[in-house]
Protein chains: 2
Amino acid sequence: MRQNTGMLELAILGFLYDRSLHGYELRKRITALTGHVRPVAESTLYPAIKRLEKAGLLARETQPGAVAAPRHVLSLTDAGRRALRRRLTEPARADITDENRWFTLLAFLRHLDDADAQAGVLRRRLDFLQEPASFFYEGDRPLRAEELDDPFRQGILTIARATSRAELAWLRKTLVSLD
Amino acid sequence: MRQNTGMLELAILGFLYDRSLHGYELRKRITALTGHVRPVAESTLYPAIKRLEKAGLLARETQPGAVAAPRHVLSLTDAGRRALRRRLTEPARADITDENRWFTLLAFLRHLDDADAQAGVLRRRLDFLQEPASFFYEGDRPLRAEELDDPFRQGILTIARATSRAELAWLRKTLVSLD
DNA sequence: AGACTATACATCGGTATCGATGTATTACGG
DNA sequence: CCGTAATACATCGATACCGATGTATAGTCT
């Protein structure tokens, strides 16, 4: 599957899991969720809706437009609900490693009603964050911020470490409370 | 331009700015830099190289392979060097807002020898981080972690805030030292 | 009255990316 | 001596995404 695939589809499925929405409303919610970081073009949303509809994951019902053009109210089918739960339970590697995708996944993780499954997902992220990885290496050895003389590269490591720390603390706390 | 465009191209230009490299070596460096978050497929790298070559930004010189197949040693042309400096000086909006792209940009920002230009870029990121934005809203009002009852969504805000704090501190410190 | 914004969808061409697959060579462990 | 891994490139079909553009209607501001 294409790398970005799913970030948008995941958001669509996630929002519709709660309640039916028409495309325009969906777009506003997606923009609120991820738009400040990665805006979603309109010309990307509607084809994505069609894809999901064609795959049988969602159904549309046309309503007279409350304000303007007629609305297509979208709702998840049973297959769509299953698909979301599956994507949340067994996320792709990139959903775990890429912060943008991870946040999108987290935003809908509550839709898994199984606390064990939720904990499993958090544990995968925990494992990933604990892998010894850097952005810069000397041979195979990951370098620390202090070992670099480039202030901007130091910044990358400094910021990444702060994020990592905060997230590890949150993950551990949340894993405990999921017990 | 396509949203992701440039993250890869930026990395290619950035690495070659230092020294000439053949594709395979380039790939290893890019993988080290961003691979743990977002792996780059081989089938993406070579076409990207061709694009840049076609655009006159880099030149290739074939050498007998040291170990295996013949190498194509890539080096930036003058136009390529100008292109990188331009991309660093006037980054696209998405280079500022998307952490993945921002980190890639930061990794090569030292190639701007003008401290003012570097500071200008950091200031754009600073402005972005200071915009009042959340992932969740009540009407137009951004919600804080404490106002949510979903622990996973709380996590998103908690982590994002920690990152933001760390980065703001680093940005301010670095801006001072660039004076 | 006219301009503009928000609502609400849609199509289309261009392209960056992906996964699969292919082609060679060298080095190394069993 | 044989399989596997690493080196080093390349092509190709599928597709997700983008920007531009189009089509309506309703409300608001001037």
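Numbered from 1 within each chain, the chains take letters A, B, ... in sequence-line order. FYI, side chains are in, hydrogens and waters are out, and symmetry mates aren't considered; it's all heavy atoms of this structure.
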Please determine, for the side chain of B/Arg71, which listed nucleotide (D/dC9, C/dT17, D/dC18) has the closest atom?
D/dC9
Looking at every non-hydrogen atom in both residues, tell me the closest pair between A/Leu122 and A/Leu178 and how far apart they are.
CD1-CD1, 4.0 Å
Grab the CE-C1' distance between A/Met7 and D/dA16 for me, whole Å please.
13 Å
From the set D/dC17, C/dT17, C/dC9, return the single nucleotide nearest to any side-chain atom of B/Thr44.
C/dT17
B/Leu74 CG to D/dA10 C1', in whole Å, measures 14 Å
Is the distance from the ring center of B/Phe152 to that of A/Phe108 below 6.0 Å?
no
Do any of residues 17-25 of chain A sit with a heavy atom less than 4.0 Å from DNA chain C, and if so which?
A/His22, A/Gly23, A/Tyr24
Whole-Å distance between C/dC18 P and A/Arg101 CZ?
11 Å
Can you tell me if A/Arg27 touches the phosphate of C/dA8, counting only side-chain N or O atoms and a distance under 4.0 Å to OP1 or OP2?
no
I want to check one thing: is the phosphate of D/dT15, taken as OP1 and OP2, less than 4.0 Å away from some side-chain N or O of A/Arg51?
no
Give a yes or no on this: more than 12 heavy atoms of other residues, nucleotides or ligands lie within 6.0 Å of atom CD of B/Glu146.
yes
Check this for me: A/Asp149, atom CG, are more than 12 non-hydrogen atoms of other residues, nucleotides or ligands nearer than 6.0 Å?
no
Please lay out, stage by stage, how A/Leu168 and A/Gln130 fare under the test side chain to side chain contact (heavy atoms under 4.5 Å, CB included).
CA-CA 9 Å; A/Leu168 285 172; A/Gln130 284 172 338; 4.2 Å; yes
Is it the case that atom CZ in A/Arg144 sees more than 12 heavy atoms from other parts of the structure closer than 6.0 Å?
no
A quick test of your reading: do over 12 heavy atoms of other residues, nucleotides or ligands sit less than 6.0 Å from CZ of B/Arg141?
yes
Would you tell me if any nitrogen or oxygen in the side chain of B/Arg60 comes within less than 4.0 Å of OP1 or OP2 on D/dA10?
yes
What is the separation between atom CD on B/Gln63 and atom P on D/dA8, rounded to the nearest whole Å?
11 Å
Give the rounded distance in Å between these two atoms: CD of B/Glu42 and C1' of C/dT23.
12 Å
Value in whole Å for how far the C1' atom of D/dC12 lies from CG of B/Leu45:
17 Å
Between B/Lys28 and B/Lys50, who's closer to the 5' end of DNA chain D by nearest nucleotide?
B/Lys28
What is the distance, to the nearest angstrom, from the OH atom on B/Tyr46 to the P atom on C/dG22?
18 Å
Which of these nucleotides, D/dC12, D/dA16, C/dA10, is closest to any side-chain atom of B/Ser43?
D/dC12
Rounding to a whole Å, what distance do you find between A/Asp98:CG and C/dT17:C1'?
14 Å
